[in-house]
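Source: prediction; values computed, not measured. Just follow the structure's listing: the first ligand is 1, and inside any ligand the first atom is 1.
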Amino acid sequence: MTASGPEQWVAVDERLAVFAREDAVLAAARTSTEVTRPGIEVSRQMGRMLHILAAATGARRVLELGMLAGYSTIWLARAVGPSGRVVSIELDRDNAAVARRHLEDAGVSAWVDIHCGPAADVTARMVAAGVEPFDLVFIDADKANLATYVERALELARPGALVIVDNVVRGGRILDPGDDEQVRGVVRALGALQGDDRVQVSITQTVGEKGWDGFAVIRKVAP
Ligand code: DHB
Ligand code: MG
């Protein structure tokens with residue numbers, strides 16, 4: 001085997017895509033060009049993993065921060081099924097409309113609530129309203145405010161819940177963020193988690209069709 005590089009990462013993801021098989025609706029959501037940031041939906045493997053984690057933990061209530069075209073939302077909604085609930089927050093009204101259409105096409109919209117607005121505001125209102133705790137939270141919104149999102153997720157999650165965070169490695173730039181506010185946001189969130197005894201954290205680096213990045217799996221062990 002020669003040295004690995006982005007071309008091989010993509011080829012391997014193509015080979016492994018059979019494990020994360022998509023129907024036409026999932027494929028359309030992942031590849032949608034109608035959203036503000038095309039191409040940044042989670043990878044197929046990440047979508048499948050979210051589905052498996054939600055199903056395996058028996059999650060009934062899932063919270064998602066950042067939905068874009070609804071790709072991860074569909075995976076999560078299919079995992080909880082019609083007796084569950086997915087609450088998903090999207091900043092951009094037009095993205096939310098695109099996502100809503102994909103959810104309808106996927107047949108899951110009856111048990112997905114879309115909230116349009118800044119995730120920091122929407123989650124603050126949820127905390128103030130004392131909403132029923134969530135079993136799983138997936139964070140994939142802007143990275144500059146990530147520390148706030150992780151804190152809100154932990155407030156809104158029940159003890160034992162999982163909080164999954166996308167994009168926590170950013171091509172290794174977390175080691176030297178410079179003045180990149182997105183990467184600095186990730187570094188602040190990681191710093192807060194390091195000193196937090198409410199949680200157990202595991203971070204996995206990933207390479208593949210979305211380059212070099214990583215995700216965090218956080219387990220809330222104490223209130
Ligand atoms: C970016 C954001 C994402 O959520 C992602 O998965 C990949 C890239 C970005 O902001 O560049
Ligand atoms: Mg992401």
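- Asp166 has its closest N, O or S atom to the Mg ion (ligand 2) at the position named OD2.
- Ligand 1 has an N or O atom lying under 3.5 Å from an N or O atom of Lys210, backbone or side chain.
- Atoms OD1 of Asn167 and OD1 of Asp140, as seen from the Mg ion (ligand 2), are separated by an angle of 90°, to the nearest 10°.
- Looking at Asp140, Asp213, Asn167 and measuring to atom 5 (C) of ligand 1, the nearest heavy atom belongs to Asn167.
- In terms of modelled atom types and a separation under 3.5 Å, the side chain of Lys220 and the main chain of Leu154 share a donor-acceptor contact.
- Salt bridge annotation for Glu155-Arg198: absent, with no cationic side-chain nitrogen under 4.0 angstrom from a carboxylate oxygen.
- Residue contact annotation: Asp213 places no N/O/S atom under 2.8 Å from the Mg ion (ligand 2).
- At least one heavy atom of Lys143 sits closer than 4.0 Å to an atom of ligand 1.
- When only interatomic distances are considered, the shortest N/O to N/O separation between Arg37 and ligand 1 falls below 3.5 Å.
- Atoms CD and CD1, from Gln205 and Ile174 in turn, are 7.5 Å apart once rounded to the nearest 0.5 Å.
- Checking only distances, Gln182 never comes within under 3.5 Å of ligand 1, N or O to N or O.
- The hydrophobic cluster containing Leu91 does not contain Val112, counting ILVMFWY residues as joined when their side-chain heavy atoms lie under 4.5 angstrom apart, directly or transitively.
- With Asp135 as the partner, the salt bridge (Lys or Arg N to Asp or Glu O under 4.0 Å) test is satisfied by one option alone out of Arg61, Arg60, Arg158: Arg158.
- Between Arg188 and Glu181 there is a salt bridge, with a side-chain nitrogen of the basic residue lying less than 4.0 Å from a carboxylate oxygen of the acidic one.
- From the protein, the heavy atom lying nearest to atom 1 (C) of ligand 1 is Arg170 NH2, 3.4 Å.
- A salt bridge does not link Arg85 with Glu132: none of the charged nitrogens is closer than 4.0 Å to a carboxylate oxygen.
- Scanning Ile139, Ile40, Asp142 for the heavy atom closest to atom 2 (C) of ligand 1 points to Ile40.
- Using a cut-off of 4.0 Å between Lys/Arg side-chain N and Asp/Glu carboxylate O, Glu22 and Arg48 are scored as not salt-bridged.
- At a heavy-atom distance under 4.0 Å, only side-chain atoms of Asp166, from C-beta outward, approach ligand 1.
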